[in-house]
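Every number for a ligand or one of its atoms is a count from 1 in the order of the listing. Values in this document were obtained by computation on a predicted structure and should not be read as measured data.
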Amino acid sequence: MRTQVAIIGAGPSGLLLGQLLIRDGISNVILERRSAAYVLGRVRAGIIETGTAALLDEAGAGARMHREGLIHDGIEISFGGEHHRMDFRRLVGKSVIVYGQSEITRDLMERRAACGAETLYEVEDVALHDVAGAQPKVRFRQDGVAREIDCEFIAGCDGSHGVSRQSIPAAVLRSYERIYPFGWLGVLVERPPVSPELIYAHHERGFALCSMRSPTRSRLYVQCRLEDQVSDWPDERFYEELRLRLAPGAAARVHPGPSLEKSITPLRGCVAEPMRYGSLMLAGDAAHVVPPTGAKGLNLAASDVHYLWQAFAGYFRNGSRAGLEAYSERALRRVWKAERFSWWMTNTLHRFPESSGFDRMAQRAELEYLASSTAAQTALAENYVGLPL
Ligand code: RFL
Ligand code: PHB
């Protein structure tokens, strides 16, 4: 089998890249180790920056997002029993769209199927070969049969546990990592949102977030311990804890319902550099992970894909290698800004088990500064809606 770009992973990075390449007449095949149903069943990100939305439009997959997505002009930050609105429209003239990652994935999968492009699901033992040179290969097994793809480039879009990053020699790869001493317990429930906008709550008992997927479906989170299991958190305990962490008005609007999904995500940030090695280009979670506090994971995957698409388009259209050579540096510059913002949001809003009295007073001052300063709110808004590409 031959193709111009072999894409590893059918998450948002791989599917979006595939669509943009098809648009430019660049052939590609996607290899995914899970089934399509499994990929669609993962509940993850929910906030789309306008730059990400524009890219979905370019890929021809934005129509349903514009119809069904909810436009949000701000968020609420809650602490000390009060809410403080961060008014994105007033502060930076922009907004974000609330639309779930599984819906984006579904829209991209449908576009791909309509184009007749190939995605091989449930492939096993994917291995990358000769990535340092100009004729890389991908070997894998499908239904027990060994297969091989010859290509010009491999796009490693296979998330944080994939094979692509591991295919870069250890002597070349630099990794930076921050593990946070807590996780998020997330619940999906068929109940209206607690508030028209997202509430990010800081409380002595820990962080909480009230998000949503639609006018009838909520996505709710509480900070939990790293060692907690989902079974430690029956629905009643979850709702009780969520209410304790919200200001009284919001707590009264929490409408408990049976959880449709419940999972724990440990929080961490990590970046692997460089994002290109020979013919292998990494994009999305394969190269970096952010804690979800800034809602940046999916959006960062989209900005990598934007740079990578431009690099491939320049090469296949004009034979120019400039975009390919610059890819890692361009992408990493934006990645680190999103890592910084996610790290700041996480530090500002969570309860750290080891924090000293001094740390807690400084954190409190940070929140009070945010609540009272237009400059601080503008910095938050500018980053939350997404920095320019
Ligand atoms: P994905 O979505 O992980 O997709 C990678 C795909 O590659 C496949 N794969 C392989 N395929 C073939 N061979 C192999 N050897 C393979 N190894 C892996 C996987 O099955 C998968 O289908 O990465 P991508 O496309 O870069 O997209 C990134 C986003 O998914 C991610 O940044 C966000 O979802 C992060 N994230 C969140 N971000 C937010 O902004 N808000 C959130 O609330 C939020 N919640 C989350 C999250 C990530 C989570 N993970 C990764 C555990 C909650 C969770 C649980
Ligand atoms: C979500 O809706 O799942 C969500 C929203 C905002 C975040 C993280 C997760 O910062």
Side-chain angles (χ1 to χ4, degrees), residues 6-18 30-36 38-49 52 70 72 75 96-102 104-105 108-109 119-128 138-142 154-167 183-188 193 197-200 207 209-214 217-221 261 263-269 282-305 335 338 341-342 345-346 349 384 386:
I7 300 175
I8 318 298
S13 308
L15 289 165
L16 181 58
L17 178 65
I30 300 184
L31 300 180
E32 167 60 51
R33 76 168 165 196
R34 304 287 194 176
S35 67
Y38 182 96
V39 172
L40 284 170
R42 290 189 293 222
V43 180
R44 291 185 176 174
I47 301 291
I48 309 301
E49 296 172 3
T52 304
L70 310 171
H72 280 205
I75 56 170
V96 292
I97 304 177
V98 174
Y99 191 64
Q101 177 167 332
S102 25
I104 290 178
T105 308
L108 286 165
M109 280 180 177
T119 311
L120 306 180
Y121 286 99
E122 298 182 85
V123 298
E124 293 170 307
D125 303 334
V126 171
L128 316 188
V138 184
R139 299 205 174 108
F140 58 100
R141 299 180 77 78
Q142 192 183 24
I154 299 174
C157 300
D158 48 351
S160 54
H161 304 295
V163 290
S164 299
R165 191 179 61 248
Q166 294 161 25
S167 306
W184 280 15
L185 173 75
V187 162
L188 186 69
E197 291 181 342
L198 271 64
I199 302 174
Y200 288 80
F207 169 78
L209 170 62
C210 300
S211 180
M212 65 196 74
R213 287 291 176 274
S214 74
R217 188 170 276 203
S218 288
R219 179 71 168 158
L220 307 165
Y221 298 93
E261 195 264 1
S263 51
I264 291 181
T265 307
L267 265 64
R268 71 188 177 106
L282 302 180
D285 279 18
H288 42 73
V289 173
V290 285
T293 328
K296 289 284 159 256
L298 171 62
N299 292 299
L300 215 45
S303 64
D304 289 352
V305 165
V335 165
F341 176 64
S342 308
M345 284 280 277
T346 306
L349 291 167
Y384 195 96

Would you mind checking which non-hydrogen protein atom is closest to [atom], with the distance to 0.1 Å?
{"atom": "atom 18 (C) of ligand 1", "value": "D158 O, 3.1 Å"}
{"atom": "atom 2 (O) of ligand 1", "value": "R44 NH1, 2.9 Å"}
{"atom": "atom 13 (N) of ligand 1", "value": "V126 CG2, 3.6 Å"}
{"atom": "atom 26 (O) of ligand 1", "value": "S13 OG, 2.6 Å"}
{"atom": "atom 11 (N) of ligand 1", "value": "R33 N, 3.2 Å"}
{"atom": "atom 3 (O) of ligand 2", "value": "Y221 OH, 2.6 Å"}
{"atom": "atom 15 (N) of ligand 1", "value": "V163 CG1, 3.7 Å"}
{"atom": "atom 2 (O) of ligand 2", "value": "S211 OG, 2.5 Å"}
{"atom": "atom 8 (C) of ligand 1", "value": "E32 OE1, 3.2 Å"}
{"atom": "atom 43 (O) of ligand 1", "value": "Y221 OH, 3.5 Å"}
{"atom": "atom 6 (C) of ligand 2", "value": "Y200 OH, 3.2 Å"}

Below 4.0 Å, non-hydrogen atoms only: which portion of C157 touches ligand 1? Side chain, backbone, both or neither.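 Looking at C157 and ligand 1, just backbone atoms fall under 4.0 Å.
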Residue part near ligand 1, for L31, under 4.0 Å between non-hydrogen atoms: backbone
Donor-acceptor contact present, side-chain [X] to main-chain [Y], <3.5 Å:
{"X": "K296", "Y": "A301", "result": "no"}
{"X": "R165", "Y": "S160", "result": "yes"}
{"X": "E32", "Y": "A10", "result": "yes"}
{"X": "N299", "Y": "I48", "result": "no"}
{"X": "D158", "Y": "V163", "result": "yes"}

Quick check on contacts: which atoms of ligand 1 are under 4.0 angstrom from a heavy atom of [X]?
{"X": "G284", "answer": "26 (O)"}
{"X": "A295", "answer": "40 (O)"}
{"X": "G159", "answer": "3 (O), 5 (C), 23 (O)"}
{"X": "G162", "answer": "17 (N)"}

Report yes if some N/O of [X] lies less than 3.5 Å from some N/O of ligand 1; otherwise report no.
{"X": "G46", "result": "no"}
{"X": "H161", "result": "no"}
{"X": "Q101", "result": "yes"}
{"X": "D285", "result": "yes"}

So I47 and L298, side-chain contact (heavy atoms from CB on, under 4.5 Å) or not? Walk me through it. CA-CA 8 Å; I47 301 291; L298 171 62; over 6 Å; no
Could you go through D125 and R139, starting from their C-alpha distance and side-chain angles, then the distance that decides it, and tell me whether this counts as side-chain contact (heavy atoms from CB on, under 4.5 Å)? CA-CA 8 Å; D125 303 334; R139 299 205 174 108; over 6 Å; no
What verdict does the side-chain hydrogen bond (donor to acceptor under 3.5 Å, both in side chains) test give for H161 and D285, after you've listed the backbone C-alpha separation in whole Å, the side-chain angles of each residue and the deciding distance to 0.1 Å? CA-CA 9 Å; H161 304 295; D285 279 18; over 6 Å; no
Does any N or O atom in R219 lie less than 3.5 angstrom from one in ligand 2, N or O only? no
Examine G294 against ligand 2 and note whether any of their N/O atoms are separated by less than 3.5 Å.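 N/O-N/O distance below 3.5 Å does not exist for this pair.
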If we only consider heavy atoms of [X], is any one of them less than 4.0 Å away from an atom in ligand 2?
{"X": "M345", "result": "no"}
{"X": "Y99", "result": "no"}
{"X": "V43", "result": "no"}

Which of the ligand 2 atoms, numbered from 1, are nearer than 4.0 Å to a heavy atom of [X]:
{"X": "A295", "value": "6 (C), 7 (C), 10 (O)"}
{"X": "L198", "value": "5 (C), 6 (C)"}
{"X": "I47", "value": "5 (C), 6 (C)"}
{"X": "P292", "value": "7 (C), 8 (C), 10 (O)"}
{"X": "T293", "value": "10 (O)"}

Stepwise, does the side-chain contact (heavy atoms from CB on, under 4.5 Å) test hold for L120 with I30? CA-CA 6 Å; L120 306 180; I30 300 184; over 6 Å; no
Report the part of R44 in contact with ligand 2, treating N, CA, C, O as backbone and CB onward as side chain, heavy atoms under 4.0 Å; options are side chain, backbone, both, neither. backbone
Would you mind telling me which of L15, L17, V138 makes a side-chain contact (heavy atoms from CB on, under 4.5 Å) with I7? L17
Run the numbers on Y200 and M345 for side-chain contact (heavy atoms from CB on, under 4.5 Å), then give the verdict. CA-CA 10 Å; Y200 288 80; M345 284 280 277; 4.0 Å; yes
Starting at CG of L188, measure out to CE of M212 and round the result to the nearest 0.5 Å.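 Nearest 0.5 Å value for the CG-CE distance: 12.5 Å.
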To check you understand the geometry: which heavy-atom pair defines the closest contact between C210 and L220, and what is its length?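 Heavy atoms of C210 and L220 come nearest at CA-CD2, 3.8 Å.
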Looking at every non-hydrogen atom in both residues, tell me the closest pair between I75 and E197 and how far apart they are. N-OE1, 3.9 Å
Any chance you could lay out the side-chain hydrogen bond (donor to acceptor under 3.5 Å, both in side chains) test for S164 and Q166, step after step, and finish with the verdict? CA-CA 5 Å; S164 299; Q166 294 161 25; over 6 Å; no
Does R42 have a heavy atom less than 4.0 Å from any atom of ligand 1?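 Yes; R42 lies near enough to ligand 1 that a heavy-atom distance drops under 4.0 Å.
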Give me the ring orientation class for Y384 and F341: parallel if the planes are under 30° apart, tilted from 30 to 60°, perpendicular past 60°.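 Y384 and F341: perpendicular rings.
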